[in-house]
Structure formats: structure tokens, C-alpha cells
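Along the sequence shown, residues are numbered consecutively beginning with 1.
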Amino acid sequence: MEQPWIHKAKTDSVFILLPPFLVLAVVVLFQDWLAGIQEDYSFYTWLFLIVFIDVAHVYSTLFKTYFNPKTFEQQKRLFLGLPLLCLLIGIVLFSFGSKVFWSVLAYVAVFHFIRQQYGFMRLYSRKEPRTQLNRSIDSLVIYAATGYPMLYWFLSSPRKFNWFMEDEFFRFENQTVLKILGVCYFLIMLFYVIRTVILSVRQKFFNVPKNAIIAGTALSWYFGIVYFNNDLIFTLLNVVSHGIPYMALIYLKEIESEPSRNYGVFTYLKRFQGVVIFVLILTVIAFFEEYLWEILVWNEHFSINAADFSNWHVLLVPLLTVPQFTHYLLDGFIWKSK
């Protein structure tokens, strides 16, 4: 059986599978250096990690949806209706207070991040025997790899990081439940490892990308949330492990693997340094969005004597989160196939 690469072994390995391992290696080797960066260069770490990776990966969805004439025509109602629905939901939530708004969005974001790892796992297991047992065990291990760290976050002492804002998640500190969950977590991981070794010996085949996704997910979520209690380390492992593979998947599937697909002006992506232009488009859009956030809402990183828009936040904040909110929900539809 051939390895079930999405594109090619080299590109999959570098851009989809490697990021969590590479970031974790940097974290382990350069913890003191990272502490200095967090203290002295917070603006640049924010710009690179949050704007140029996290926000940019949201807009990469455009190349699979709104920039794809055929797909857009097929699902026009969904693509046009969902942003409006997200805006209305956002306005309703924000009317109950900013904390309610950001808390709900945080839970939706966590669900999206978890489902992305599940999706990659399913892509890389598509050539394996599709028995109910295989699917159930694969689902169990990927949900354990992501679910246990989040439960640890909810049930442990306060962490030094957050998803969007402080106290966004329900918390109930309980060490007894944590210990039980920890034992269950490690037993599930041990069971999966033993089962994988036995099956690999029997079948004389080891699914490299699927097991790399599972291992990378487990390591990045465990060390990012449970082991380390550091804002920069959490952001590094969370954002890079999620954003880079997603942008790579979009580019490899929608542009590199489809050279004849008509994107209008984006047809040139395939002809001249396509990946550079692709990344440049995403970073420019992401920077423009964050610039709007800064001058209209946050006023943190740019010193601009702008007017006070606080009275308009009930409309501006939901409006500015429409791309992000739409991405979270839309991603549940655009990858489904038979």
C-alpha cells in the first residue's frame, strides 16, 4: 500500500506534518530566548504569529470558495448567506456583552481547531480499510489528543494564556477529576501506540502521514496547554501548528494540484512564483483587517489619534469578526466529500 499523501511526500512533510514538531523543538531548545522575545518584542511576535499566520490562514479559505467560480456558483446561497448569519449572531451575542460574545466565539474556535486535526487524520487514513473499529479508534485518539488538554485548561489552576480574552471559558478547578482524565488520556495513547505497532507488523505497512498528524497533534496540544504555562509557547504551538498546514492544504489542493482552474487574475499564481504571491495576498488582507481592528476597536499597537468608536462596537466587532466566524463554520462544509 502506498503512503496516502495529499500532494507529495516532500511538500506534505514540510508544510503539513513538520510544523508542530519543528515548533516544539524550538520551544524545548530555546525556552530562555523565547522568554526574552515575549518580553521585548511582543509587537513583532503578535504581527508574525497572529496577523501573518492566524488571521492570514482565515483568508486562505477564499481560494476554495469565493475565488473559485465553479464552487461559488454551486454553493452561492451558502457562501452569501453564512456571512450574514454570522453577522446577525454576532450582533445578538455582543448585545449581551463583549464577554459573552468572545466566550462563544472561543468555544467555536476550539471546536474548529479540533475538527481540523480530525479532518487531516481522515484525509490521511482514506486508503486504510474503512471498518467501523478503525474509524472509532482513530476518532478516539485524535479527540483525546485535543480534548484532554482543553479539559485540563477548564479544570486546572488558571493558565497564563487565553484564546481571545481572560475568563472566556467555564472553569471548575478539580484535581481529582484531572487525575482520572490524565490516566484515561495516557491509557488511550498507550493503547493506540501498541495497536499501531501490532497492525504495522502484521500488515507490513505503517501509515506515516496519519500517525505523524496524530503525534504532532498530541505533542503540540499537550505541551502547549498542559506542560508549559506560557503565553508565547501556547501561541506558537497553537497558531503555527494550525495555520501553516491549513494554508498549505489550500495551496496544494486548490492551486498547485489544479493548474487549469480559472481564478481570473489569480491564474497567474501558477505561472510566476505562485506560492509567494499566494502568501503575499493573504498577508496584505490580514494586515488590512488588523489595521481596522486597531483603529476602530483595540488602539493597542498603532499610535493613531482616531475618533472614539466605542459606541459602535456592538456593530463593528461582530462585523470585523465575520471573516473569522464564517471561516469556522464554512470549514465544516467545504471539505466534505463522498
Side-chain angles (χ1 to χ4, degrees), residues 3-6 12-29 31 53-54 57 109-126 128 133-156 159 161 163 169 177-200 206-246 248-249:
Q3 296 292 340
W5 304 110
I6 295 172
D12 279 33
S13 298
V14 172
F15 297 108
I16 297 178
L17 304 178
L18 182 60
F21 297 101
L22 181 61
V23 173
L24 185 58
V26 171
V27 167
V28 172
L29 294 174
Q31 293 182 53
I53 296 182
D54 192 31
H57 102 276
V110 170
F111 179 75
H112 162 73
F113 272 58
I114 291 174
R115 288 293 293 178
Q116 176 170 306
Q117 300 313 109
Y118 174 85
F120 272 118
M121 182 273 294
R122 291 297 307 138
L123 279 172
Y124 284 125
S125 61
R126 66 190 184 279
E128 293 182 347
L133 179 62
N134 286 346
R135 291 171 64 95
S136 297
I137 292 176
D138 287 346
S139 298
L140 175 65
V141 73
I142 201 72
Y143 285 134
T146 53
Y148 170 70
M150 289 308 303
L151 290 173
Y152 186 92
W153 191 342
F154 302 156
L155 298 171
S156 67
R159 315 307 287 160
F161 48 82
W163 207 284
F169 296 127
V177 175
L178 269 183
K179 290 179 182 178
I180 295 173
L181 290 173
V183 171
C184 294
Y185 171 77
F186 286 108
L187 286 177
I188 290 171
M189 292 300 168
L190 181 61
F191 166 74
Y192 180 80
V193 170
I194 294 173
R195 181 177 185 271
T196 300
V197 171
I198 294 173
L199 288 179
S200 298
F206 180 75
N207 190 329
V208 173
K210 186 191 83 169
N211 287 292
I213 278 290
I214 291 173
T217 300
L219 290 172
S220 61
W221 285 66
Y222 182 85
F223 281 93
I225 296 175
V226 178
Y227 188 83
F228 292 107
N229 189 12
N230 179 279
D231 185 34
L232 179 58
I233 291 176
F234 166 73
T235 304
L236 273 168
L237 286 167
N238 186 41
V239 169
V240 175
S241 301
H242 179 81
I244 298 296
Y246 189 88
L249 178 66

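For the atom pair CD1 (Ile53) and CD1 (Ile244), the distance works out to 4.0 Å, reported to the nearest 0.5 Å. A distance of 11.0 Å separates NE2 in His57 from CG in Leu249, rounded to the nearest 0.5 Å. Atom CG of residue Asp138 and atom NZ of residue Lys210 lie 3.5 Å apart, to the nearest 0.5 angstrom. Here Thr235 contributes atom OG1 and Trp163 contributes atom CH2; the two are 10.0 Å apart, rounded to the nearest 0.5 Å. With values rounded to the nearest 0.5 angstrom, Ser220 atom OG is found 13.0 Å from Ile233 atom CD1. Rounded to the nearest 0.5 angstrom, Leu18 CG and Ser241 OG are separated by 10.0 Å.
The shortest heavy-atom contact between Met189 and Ala218 is CE-CB, 4.4 Å. Minimum interatomic distance between Arg126 and Trp5 (heavy atoms only, all atoms of both residues): NH2-O, 2.8 Å. Listed here is the closest heavy atom pair of Ser200 and Phe206: OG-CD1, 3.3 Å. Nearest approach of Pro20 to Gly216, heavy atoms of both residues: CB-O, 3.7 Å.
A 4.5 Å side-chain heavy-atom check between Thr146 and Phe113 finds every atom pair outside the cut-off. At a threshold of 4.5 Å between non-hydrogen side-chain atoms, the residues Gln3 and Pro209 count as touching. Between Ser156 and Leu178 there is a side-chain heavy-atom pair separated by less than 4.5 Å. By the 4.5 Å heavy-atom criterion applied to side chains, Phe120 and Ile142 are not counted as neighbours. Residues Phe223 and Val27 fail the side-chain proximity criterion, which asks for heavy atoms closer than 4.5 Å. Using a 4.5 Å heavy-atom threshold, the side chains of Tyr124 and Val208 count as separate. The side-chain heavy atoms of Tyr185 and Leu151, taken from C-beta on, include no pair separated by under 4.5 Å.
Two rings, from Trp221 and Tyr152, have their centers 6.0 Å or more apart. Proximity of the aromatic rings of Phe228 and Phe234 is defined here by a centroid distance below 6.0 angstrom, and this criterion is not met.
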Task: Derivation of the side chain to side chain contact (heavy atoms under 4.5 Å, CB included) call for Asn238 and Phe161 - done: CA-CA 11 Å; Asn238 186 41; Phe161 48 82; over 6 Å; no
Task: Verdict with reasoning, Leu22 to Val240, per side chain to side chain contact (heavy atoms under 4.5 Å, CB included) - done: CA-CA 10 Å; Leu22 181 61; Val240 175; over 6 Å; no
Open item on the list: Evaluate Ile213 against Ile16 for side chain to side chain contact (heavy atoms under 4.5 Å, CB included), listing each step before the verdict.
Closed with: CA-CA 8 Å; Ile213 278 290; Ile16 297 178; 4.2 Å; yes
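Looking only at distances, a side-chain donor or acceptor of Arg159 sits under 3.5 Å from a matching main-chain atom of Val226. Between the side chain of Asp12 and the backbone N or O of Ile6 there is at least one donor-acceptor pair closer than 3.5 Å.
Side-chain polar atoms of Gln117 and Thr217 form a donor-acceptor pair below 3.5 angstrom. One side chain, Glu128 or Asn207, offers a donor N or O that lies under 3.5 Å from an acceptor on the other.
Using a 30° and 60° split on the angle between ring planes, Tyr222 and Tyr148 fall in the parallel class, below 30°. Between His242 and His112, the ring planes are perpendicular. Angles over 60° get that label, and only those under 30° would be called parallel.
Checking each of Val197, Thr196, Leu190 against Ile194 for a side-chain contact (heavy atoms from CB on, under 4.5 Å) leaves exactly one that passes, namely Leu190.
Atom OH of Tyr227 has 12 or fewer neighbouring heavy atoms from other residues, nucleotides or ligands inside a 6.0 Å radius. Within 6.0 Å of atom CZ in Phe111, 12 or fewer heavy atoms from other residues, nucleotides or ligands are found, so the atom counts as exposed in its surroundings.
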